[in-house]
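The structure appears below as structure tokens.
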Amino acid sequence: MNGQATAHTVKLARSDDVDGFSAALRYLLHHDISPAQVTWDDGTQAQGDLFDIEAGTVLDRSRVETVAAGSIRLPRDFLTLARTIVLHNSVDRFRQLHAMAALLMRDRHAWADRMHPALLQLDRMAREVGREIHKMHAFVRFRPVVTEEGETHIAWFEPEHHVVRAAAPFFAKRFAAMHWTILTPLGCAYWDRHALVFAPPAAREDAPEADAGEALWLAYYRSIFNPARVKVDMMRREMPVRFWKNLPETGAITQLLHGAGERTYRMQNEVDEPVRKRKIRENIASKNTTER
Amino acid sequence: MDALASFIESWSGGPLRLNLLLRVCQYFCHAVYNHSMAKTTLDKLIILADAAKYDASCASSGGARRDSRDQKGIGSSGGMGICHSYAPDGRCISLLKLLLTNWCTFDCLYCVNRQSSNVERARFTVEEVVNLTLDFYKRNVIEGLFLSSGIIQTPDYTMEQLIEVARQLREEDHFRGYIHLKTIPNASADLIARAGLHADRLSINVELPTEEALIRLAPEKDAAAIALSMERIRRQSDESREDQKAERKIKVMAGGKPKRKVAQFAPAGQSTQMIIGADDSSDRSILTKSAALYRNFRLRRVYYSAFSPIPHASAALPSVGAPLMREHRLYQADWLLRFYGFEEQELVTDNGMLSLAVDPKMAWALAHPEYFPVDINRAAKEMLLRVPGLGVQSVTRLLAARRVRRMRKADVERLGAPTQKVLAFVQLPDHRPAQDAAQRLLLPVPSARNTSPQQGDLFQASAP
């Protein structure tokens, strides 16, 4: 391959096209095409951006699959890591993975150097994706909706990374006997008790408003809060503010914090009536004075 | 009315003892006073969630691996725990944490629900708890249920009520989420065995680190009975594990399925909680107690709960809570014992108290300058784990990387660990800490937050 001048554009089916990426990576490594020669198109870039650059050879799925699976050998752990990192929202992720794979092709030992800056960076991205999947499992909020076909549960969620497909099977196992829908601006997931179906992005307006039953959850959230131990930083670290607008209970936070000081003061200074009366009596007796 | 009804229900059929007649009157008066109108589920939820919040445990990990793919019920568990929300107290909300009732015949001084407290009382029906659990679960706001209760009538009667909630959830609704049941002290062995069949985790709170404190502050609780219950849970757990092993062996030998599947007893094990600062126990006596609990009863977790002022407090208690930092230091020390190879007697204390200013690992390092600086490229794993600022993950990474090449200062800076802290205790080919590097870490640093106010200061302002 006489590389430098030749530009390539890899066409991926979606932002989270893990298999498409793997096939393309195999093709690029097999033909020794360097990361600098490749533009990645996952369909999210504005069209103008793509016209600006020389598209060169377009590598679509059928083209890259001419290189057979198994023809390129990479550490299994790297491939696992790559499948996660593809879901990251960084526009540079495909290039970074390609660069790491090219490095590993030249030097297998590079993978053993867990402190290699590029590897640390990839590990960090993989952790961010893993955390986003975990947070999606945690913060999706289903609201029951009754239709002619029966009850269904609908949630609106805004992930930062492309994790909808990766996070959905968890819900299919947990709520297998329910009908549910998770709507997000990065794609939607439906479960009809038979199969997971993925669909294009939705808008917030497509999701239902709060139902009457949600009041119980809000009451629970307010009641379980202990005003004597306010730790707002801890809450914000584990429940980042960007999720708050879709978590109904966070609407209570300001009010809870404003009342916390007074509630704590009352707890510290009030004792139960009988005990207080007894104390006053004891005080009066010991001081031998008449208070009123 | 509701409480009156539940009171009558709980007493009919039970042995009526004269010395409890007083309680009858008290309950009756409360009922008339508090319950001129029937309480709704919402009213009860507000009272009985509030009453449950002093239990720190929220773990939902380690349960049996289950899901609902057979479409018979709902729920799954067995992965890592999930925190579905956080309250402004920084605590994870993973489970629907409730008391079945806050009526209680015990009079533990530190407890808001003690018999002599004027707190408003309520009692859920079994169905109410089951329905709340399922409703919350379908909204995806919880991993499951953590159910405890005030002690009504007898320990066994109370325990049976808790078990009935778990049984209905498991057997009638095929609920596969997480269930944590509080074990009532003095409940019979048979009931503990039944509880463990439905629950992922059982717990019984030791409450206070010493027997003397327990006698003084929780007169009806009995350290020996608590230990006995823990021992029963442990024994049931061991037996269940043996049964499972035997079952696996049979499977291998016969190549077929055994007749019945042995359910694992409380797969997420048992935990307990100690209240910190309600009595004058030292950190050292608390940690000695924890070490014994881990050793003797194979506890999964000991939770430390800084005594927090409660509404309707008893005058015999301190009205100011223990510092949350003390609680935090105890958790850090507990962690060092369990995951960092520290022995309990190695922890550095001053008059039995951990330092509030520095974390226990740092305190140990400062007290043992003879071990430092540690050579990152040569030191054994055990020693790397003792470097302040290096966690298990960082150590694993360094160990793997140094097989390939020598680590340098830039590598430590890239770890994502607190760099200045680590560098004060380690040496590298291009770094040796200054003599006073460790001491200098203790000097106050001008906080970045003071100079550049951030957007969230609205919240900071109301924090104490």
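Here is the naming used below: chain letters follow the sequence lines, and residue numbers restart at 1 for every chain.
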Problem set entry | B/His84 side, atom NE2; A/Trp217 side, atom CH2 - distance, nearest 0.5 Å | 8.5 Å

Problem set entry | Contact class of B/Ile93 relative to chain A, heavy atoms under 4.5 angstrom | side chain

Exercise. Heavy-atom distance under 4.5 Å to chain A: side chain of B/Ile310, backbone, both or neither?
Worked result: backbone

Problem set entry | side-chain contact (heavy atoms from CB on, under 4.5 Å) evaluation trace for A/Phe170 with B/Ile82 | CA-CA 12 Å; A/Phe170 166 89; B/Ile82 296 175; 3.6 Å; yes

For this session: Would you indicate whether the side-chain heavy atoms of A/Met239 and B/Ser85 approach each other to under 4.5 Å?
Result: yes

For this session: Taking only Lys NZ, Arg NE, NH1 and NH2, and the carboxylate oxygens of Asp or Glu, determine whether A/Arg174 and B/Asp67 approach each other closer than 4.0 Å.
Result: no

Exercise. So does A/Asp211 pair up with B/Arg139, basic N to acidic O under 4.0 Å?
Worked result: yes

Problem set entry | Straight-line distance of B/Tyr86 OH to A/Ile253 CD1, nearest 0.5 Å | 13.0 Å

For this session: May I ask you to decide whether B/Arg397 forms a salt bridge with A/Asp123, counting only side-chain N to carboxylate O separations under 4.0 Å?
Result: yes

Seminar exercise, completed: In this structure, OG of B/Ser77 is separated from NZ of A/Lys173 (nearest 0.5 Å) by 12.0 Å

Seminar exercise, completed: Turns out that what part of A/Arg193 lies under 4.5 Å from chain B's heavy atoms comes down to both

Exercise. Is there a side-chain contact between A/Gln255 and B/Pro88, using heavy atoms and a 4.5 Å cut-off?
Worked result: no

Exercise. A/Met178 versus chain B, heavy atoms under 4.5 Å apart: side chain, backbone, both or neither?
Worked result: side chain

For this session: Pick one of side chain, backbone, both or neither for B/Glu413, based on which atoms fall under 4.5 Å of a heavy atom in chain A.
Result: neither

Exercise. Of the backbone (N, CA, C, O) and the side chain (C-beta and beyond), which part of A/His153 lies under 4.5 Å from a heavy atom of chain B, both, or neither?
Worked result: side chain

Exercise. Tell me, side chain or backbone of A/Ala215 under 4.5 Å from chain B's heavy atoms, or both, or neither?
Worked result: backbone

Problem set entry | Close side-chain approach of A/Pro117 to B/Arg414, heavy-atom, < 4.5 Å | yes

Exercise. Which atoms of A/Glu249 come close to chain B, meaning under 4.5 Å heavy atom to heavy atom: side chain ones, backbone ones, both, or neither?
Worked result: side chain

Exercise. Take atom CD in B/Gln393; do more than 12 heavy atoms of anything else shown fall under 6.0 Å from it?
Worked result: no

For this session: Counting only heavy atoms closer than 4.5 Å, note whether A/Leu216 contacts chain B via side chain, backbone, both or neither.
Result: both

For this session: Tell me, for B/Arg176 versus chain A, whether the close heavy atoms (under 4.5 Å) come from the side chain, the backbone, both or neither.
Result: neither

Problem set entry | Part of B/Tyr137 lying under 4.5 Å from any heavy atom of chain A | both

Problem set entry | Sidechain-backbone polar pair: B/Asn140 side chain, A/Val140 backbone, donor-acceptor under 3.5 Å | yes

Problem set entry | B/Arg405 vs A/Met115, side-chain contact (heavy atoms from CB on, under 4.5 Å): CA-CA, chis, key distance, verdict | CA-CA 10 Å; B/Arg405 62 182 175 85; A/Met115 293 295 299; 3.6 Å; yes

For this session: May I have the step-by-step check of side-chain contact (heavy atoms from CB on, under 4.5 Å) for B/Arg91 and A/Arg229, ending in yes or no?
Result: CA-CA 9 Å; B/Arg91 280 181 166 167; A/Arg229 37 184 309 151; 3.0 Å; yes

Exercise. Are the side chain of A/Asp113 and the backbone N or O of B/Val404 linked by a donor-acceptor pair below 3.5 Å?
Worked result: no

Problem set entry | Region of B/Leu98 in contact with chain A, defined by heavy-atom distances below 4.5 Å | side chain

Problem set entry | Atom group of A/Phe171 that falls short of 4.5 Å from chain B, counting heavy atoms | side chain

Problem set entry | Part of A/Pro144 lying under 4.5 Å from any heavy atom of chain B | side chain

Exercise. Do other residues, nucleotides or ligands put more than 12 heavy atoms under 6.0 Å from the CZ atom of B/Arg65?
Worked result: no

Exercise. Does any heavy atom of chain A fall under 4.5 Å from the side chain of B/Leu48, the backbone, both, or neither of them?
Worked result: neither

Exercise. When you measure from the side chain of A/Tyr220 to the backbone N and O of B/Lys97, does any donor-acceptor pair fall under 3.5 Å?
Worked result: yes

For this session: State the CE-NE2 distance between A/Met234 and B/His328, to the nearest 0.5 angstrom.
Result: 9.0 Å

